[in-house]
Amino acid sequence: MKSIVIMGSTGSIGTNTLDIVERFPEEFRVVGLTAGNNDEMLAEQIRRFHPLAVAMPTESGAARLKQRCGGQPVEILSGPEGLAAVASLPEAELVVSAIVGGAGLVPTLAAIRSKKHIALANKEPMVMAGQLMQEEARRQGVRIFPVDSEHSAIFQSLEGHRIKDVRRLILTASGGALWNVPKEQLQDVTPERALQHPNWKMGAKITIDSATLMNKGLEVVEARWLFDIPESRIDVLIHRESIIHSLVEYEDRSMISQLGLPDMRTPISYALRYPDRLPLDLPSLDLTEIGTLTFCKPDHDRFPCLRLGYESLRIGGTMPAAMNAANEIAVDAFLNGGIRFTDISDIIQSTMQTHVPQAVRSLEAALEADRWAREKADSLVHALAR
Ligand SMILES: NC(=O)c1ccc[n+]([C@@H]2O[C@H](COP(=O)([O-])OP(=O)(O)OC[C@H]3O[C@@H](n4cnc5c(N)ncnc54)[C@H](OP(=O)(O)O)[C@@H]3O)[C@@H](O)[C@H]2O)c1
């Protein structure tokens with residue numbers, strides 16, 4: 001039985017992970033959970049899964065949770081130290097990192113430093129400090145298993161092969177909710193419209209990232225550090241149906257890929273139970289029913305965020321962290337009705353243009369770039385605010 005902590009247990013990845021735990025009670029024991037703001041759902045999860053400890057980022061959240069959980073044998077912690085303590089629980093073997101955004105960096109690094117294997121959904125920490133996280137994982141002798149469906153597909157397509165034989169990685173992208181919207185109409189797109197993802201049901205931030213293609217920009221950076229491949233050998237292919245989850249091209253021009261219906265429980269279960277495959281009772285992919293798979297190139301003119309992802313890697317240092325922070329601020333402002341859809345990429349680009357990148361030799365360097373870029377992007381949002 002594997003003892004796990006789920007960070008971000010109230011989110012889309014978190015609840016899908018708990019669905020797997022419920023299906024295979026003999027395989028997993030939940031020893032820790034963390035949430036953001038949703039004390040009601042976390043209280044329900046405590047009743048169902050009996051973790052030893054849980055944490056919320058604010059004291060007020062933890063206080064509400066204590067009221068809901070009176071008398072239950074669970075330690076309730078709060079603040080960044082509380083999240084890090086749950087991520088480092090001595091009983092845990094693997095930590096599912098599924099907080100959204102840069103808020104996951106400190107607790108994920110704490111988990112690695114406490115010698116926990118990581119099932120990584122939370123891509124933003126890899127974007128902010130990928131090299132640092134990988135170096136730390138190597139030092140501690142732990143592995144970072146990808147949960148993102150594209151990176152899981154690449155991970156699976158690399159199994160039994162040598163990285164030196166890889167010619168390039170090809171990340172597939174659905175294109176998001178706005179793929180067919182003409183450029184001149186993008187500025188009038190509402191959050192409700194941009195949240196209508198064609199294939200995946202995910203949290204709001206990643207759904208907007210999919211619509212801007214920033215999600216793919218973040219994934220290029222994530223792939224660079226997860227697989228130690230330079231960005232010049234990472235390509236992106238639009239594949240509307242989200243059936244081929246990504247591909248690896250080898251030097252002999254063979255391509256190997258992983259296919260499946262879009263359901264995050266497949267990559268989550270692989271990361272949880274690697275190298276075993278759990279017998280998930282999900283619908284099979286019927287290619288005769290699907291009939292046709294389509295592919296095309298990304299449109300960098302309508303969706304500049306993907307290009308910014310590549311650019312951040314070429315510049316290097318803290319630039320990806322600054323890009324990520326600006327994106328978080330801009331997406332939040334768009335979701336709250338403060339700016340237009342097309343302002344998101346403008347804000348990220350302007351933030352990157354004024355950022356002076358430093359080497360990411362420490363966690364503090366990544367956090368300082370994050371702090372600086374949030375402030376900068378926030379001032380740009382205010383200047384644009386409607
Ligand atoms: N959803 C997917 O299919 C998918 C696929 C690939 C990768 N990912 C990645 O996985 C991560 C999670 O995505 P998601 O779609 O599951 O997001 P989500 O549904 O929005 O869930 C986010 C989780 O993080 C918690 N949280 C938010 N802010 C926090 C903070 N400041 N401190 C601590 N916890 C906080 C939320 O808590 P509350 O809800 O309690 O506020 C929730 O549990 C993202 O990095 C995303 O890019 C997701």
Side-chain angles (χ1 to χ4, degrees), residues 5-19 32-46 54-62 64-65 68 77-84 86-87 95-108 110 118-128 145-153 171-174 176 195 197 199-212 214-219 221-223 226 242 245-246 261-268 270-271 324-325 327-328 331-332 335 370 374:
V5 166
I6 305 170
M7 300 199 293
S9 64
T10 48
S12 161
I13 293 290
T15 50
N16 272 305
T17 306
L18 286 170
D19 178 87
L33 297 171
T34 80
N37 202 37
N38 194 343
D39 51 291
E40 187 179 355
M41 192 189 289
L42 184 55
E44 176 56 27
Q45 292 176 346
I46 291 169
V54 301
M56 297 188 74
T58 61
E59 270 182 35
S60 56
R64 291 195 309 270
L65 186 66
R68 289 183 186 279
L77 304 170
S78 66
E81 315 76 33
L83 292 178
V86 172
V95 172
V96 179
S97 168
I99 290 174
V100 62
L105 173 58
V106 171
T108 304
I118 305 292
L120 186 81
N122 186 194
K123 64 193 82 181
E124 292 89 348
M126 262 291 164
V127 173
M128 296 167 72
F145 299 106
V147 166
D148 229 336
S149 58
E150 295 79 358
H151 303 74
S152 176
L171 295 169
T172 52
S174 70
L195 284 168
H197 196 283
N199 306 331
W200 298 96
K201 209 170 165 305
M202 310 181 284
K205 192 255 178 188
I206 183 175
T207 308
I208 299 302
D209 286 348
S210 297
T212 60
M214 179 43 84
N215 186 45
K216 221 41 59 176
L218 299 175
E219 287 181 7
V221 185
E222 185 185 9
L226 274 176
S242 301
H245 294 308
S246 280
L261 289 170
D263 190 318
M264 285 309 294
R265 287 172 294 185
T266 300
I268 293 170
Y270 194 60
N324 176 68
N327 180 53
E328 287 193 33
V331 169
D332 201 46
L335 282 170
D370 178 81
R374 278 172 199 272

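Source: prediction; values computed, not measured. Remember, it's 1-based here, ligands and their atoms both numbered in the order they're listed.
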What do you reckon, does Asp148 have a nitrogen or oxygen under 3.5 Å from a nitrogen or oxygen of ligand 1? no
Less than 4.0 Å is my threshold; does some heavy atom of Ala98 fall inside it relative to ligand 1? yes
With a 4.5 Å heavy-atom cut-off, do Val95 and Met7 have their side chains touching? yes
Would you mind telling me if ligand 1 is within reach of the side chain of Met264, the backbone, both or neither, using heavy atoms under 4.0 Å? side chain
Going by the atom numbers of ligand 1, which of them fall below 4.0 Å from some non-hydrogen atom of Ala103? 30 (C), 31 (N)
Atom 41 (O) of ligand 1: which protein heavy atom is closest, and how many Å away? Asn37 N, 2.8 Å
Any side-chain to backbone donor/acceptor pair from Thr172 onto His245? Under 3.5 Å, distance only. yes
Atom indices of ligand 1 within 4.0 angstrom of Asn38 heavy atoms, with elements: 38 (P), 40 (O), 41 (O)
Ligand 1 to Gly36 polar contact by distance, N or O atoms, under 3.5 Å: yes
Please list the nearest protein heavy atom to atom 13 (O) of ligand 1 with its residue and the distance rounded to 0.1 Å. Ile13 CG1, 4.3 Å
By side-chain contact (heavy atoms from CB on, under 4.5 Å), Thr207 pairs with (sequence neighbours left out) Leu195, His197, Met202
Go through ligand 1 atom by atom and flag the ones less than 4.0 Å from a non-hydrogen atom of Ile206. 4 (C), 5 (C), 6 (C), 7 (C), 8 (N), 15 (O), 46 (C), 47 (O), 48 (C)
Donor-acceptor under 3.5 Å (Asp39 side chain, Gly61 main chain): no
Looking only at non-hydrogen atoms, find the nearest pair between Ile99 and Gly8 and report the distance. CG1-N, 3.8 Å
Is there a donor-acceptor contact under 3.5 Å from the side chain of Gln45 to the main chain of Leu33? no
Asn38-Thr10 side chain donor-acceptor pair, cut-off 3.5 Å: no
N/O of Gly8 under 3.5 Å from N/O of ligand 1, yes or no? yes
Kindly indicate whether the side chain of Pro107, heavy atoms from C-beta on, has any atom under 4.5 Å from the side chain of Thr34. no
For Glu40, does the CD atom have more than 12 heavy-atom neighbours from other residues, nucleotides or ligands under 6.0 Å away? no
Strictly below 4.0 Å, N to O, side chains only: are Lys123 and Glu150 in salt-bridge contact? no
Report, in ascending order of atom number, the atoms of ligand 1 lying under 4.0 Å from any heavy atom of Ala121. 7 (C), 8 (N), 9 (C), 10 (O), 45 (O)
I want to know if ligand 1 touches Ser12 in the polar sense, i.e. an N/O pair below 3.5 angstrom. yes
Could you give the distance from CG (Leu105) to CG (Asn122), rounded to the nearest 0.5 Å? 8.5 Å
The option among Pro262, Ser152, Ser97, Gly203 carrying the non-hydrogen atom nearest to atom 17 (O) of ligand 1 is Gly203
Does at least one non-hydrogen atom of Lys205 fall below 4.0 angstrom from an atom of ligand 1? no
Classify the contact between Pro57 and ligand 1 as side chain, backbone, both or neither, using a heavy-atom distance cut-off of under 4.0 Å. side chain
Just to be sure I read this right, does ligand 1 sit under 4.0 Å from the backbone of Glu124, its side chain, both, or neither, counting only heavy atoms? side chain
Atom 38 (P) of ligand 1: which protein heavy atom is closest, and how many Å away? Thr10 OG1, 3.3 Å
Taking the side chain as C-beta and beyond, is there a heavy-atom pair between Ile46 and Arg68 under 4.5 Å? no
How does Val100 reach ligand 1, if at all, at less than 4.0 Å between non-hydrogen atoms: by side chain, backbone, both, or neither? both
Would you mind reporting whether Asp148 and Pro146 have side-chain heavy atoms less than 4.5 Å apart? no
Quick one: which of Gly11, Pro125, Ser9, Ser149 has a heavy atom closest to atom 21 (O) of ligand 1? Gly11
Closest to atom 11 (C) of ligand 1 (judged by heavy-atom distance), picking from Asp263, Thr207, Ile99: Ile99
Atom 47 (O) of ligand 1: which protein heavy atom is closest, and how many Å away? Lys123 CE, 3.1 Å
